> 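For reference, the structure I am asking about is given below.
Position 1 is the first residue of the sequence, and the numbers go up from there. Owing to the predicted nature of the structure, the values given are computational and were not obtained by experimental measurement.
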Amino acid sequence: MIAFVSGTVAALAPDAAVVEVGGVGMSVQCTPDTLSTLRLGQPAKLHTSLVVREDSLTLYGFADDDARQVFVLLQTASGVGPRLAQAMLAVHSPDALRRAVATGDEKALTAVPGIGKKGAQKLLLELKDRLGAPVGTAPAIGAPAAQGWRDQLHAALIGLGYATREAEEAVTAVAPQAEAAGGTPQVGPLLKAALQTLNRAR
């Protein structure tokens, strides 16, 4: 079991990072929130979960161990594999998922791509006694104060290799979405939207 990887960020992609560990590049699948905390050429530590399949070994990485533990617990529910668990954490913070399960918030789960109404109902039943209560009120990784989301999103796009002008245009393009989100827009969903904007422009 690889509990974490620590090293220099060698490459960034929309859904993964490569961390150089002892001269070896480790490819780690990450959520947009986690990727937004990484910078090319800078040191990083990612808490990881290794998923073993007959034809592959895949590392999933997280900014903190709480997210990694929730990722593992989500997969104890029937029908939830690593990709769906990661998608759930891309849309919601660990505490938001705990709150959704604790309060039976079906709508929050159906906001995750790949989860329908029946699936959400089943997950609420199966996860009720597994995730536990929310651990605090601290904002999720990638959920900065309202005025800080622009800087974080801009830095994340630069870290992914986009030019300053491209990053600025993408930030401007998703500004209405950020304002509609209210006081503390999350960088993760905004990064996804910004990447879609940039892909259409190319």
> For A3, is there any backbone N or O sitting under 3.5 Å from a side-chain donor or acceptor partner on H47?
no
> Is the shortest side-chain heavy-atom distance between L57 and L50 below 4.5 Å?
yes
> Distance check, rounded to the nearest 0.5 Å: R165 atom CZ versus E169 atom CD?
4.5 Å
> Do I115 and M88 have side-chain heavy atoms sitting under 4.5 Å apart?
yes
> Any heavy-atom pair between the side chains of L46 and C30 that's under 4.5 Å?
yes
> I'd like to know if the side chain of S56 reaches the main chain of R53, judged simply by a donor and an acceptor atom lying under 3.5 Å from each other, with no hydrogens or angles considered.
no
> Go through the side-chain N and O atoms of S78 and E126 and say whether any donor and acceptor fall under 3.5 Å apart.
yes
> Within the structure provided, determine whether L97 and V101 are in side-chain contact (heavy-atom separation under 4.5 Å).
no
> If I take atom CD from residue Q29 and atom CZ from residue R83, how far apart are they, to the nearest 0.5 angstrom?
5.5 Å
> Give a yes or no on whether L195 and V18 share a hydrophobic cluster (residues Ile, Leu, Val, Met, Phe, Trp, Tyr; joining criterion: side-chain heavy atoms under 4.5 Å apart).
no
> Starting from L84, can I reach L127 by hopping between I/L/V/M/F/W/Y residues whose side chains sit under 4.5 Å apart?
yes
> Less than 4.5 Å apart, any side-chain heavy atom of Q86 and any of T31?
yes
> Just wondering, do Q177 and L190 contact through their side chains at under 4.5 Å, heavy atoms?
yes
> Indicate yes or no: at least one non-hydrogen side-chain atom of V91 is less than 4.5 angstrom from one of P113.
yes
> Which distance, rounded to the nearest 0.5 Å, do you find between the CD of Q121 and the CG of L123?
10.5 Å
> Kindly compute the distance separating CZ (F4) from CG (L59), expressed to the nearest 0.5 Å.
12.5 Å
> Can a donor-acceptor pair be found, under 3.5 Å and without considering hydrogens, that links the side chain of T48 to the backbone of I2?
yes
> Search all heavy atoms of L12 against all heavy atoms of A17 and return the closest pair with its distance.
CD2-CB, 3.7 Å
> Nearest 0.5 Å please: distance from the NZ atom of K128 over to the CG atom of L125.
8.0 Å
> Is the side chain of T76 donor-acceptor paired with the backbone N or O of V72 at a distance under 3.5 Å, no angle test?
no
> Backbone N or O of F71 within a donor-acceptor pair of the Q75 side chain at under 3.5 Å?
yes
> Taking the side chain as C-beta and beyond, is there a heavy-atom pair between V51 and Y60 under 4.5 Å?
yes
> So, taking the atom named CG in D15 and the one named CG in L35, what distance separates them when rounded to the nearest 0.5 Å?
7.5 Å
> Just by distance, do the side chain of R98 and the backbone of L131 share a donor-acceptor pair under 3.5 Å?
yes
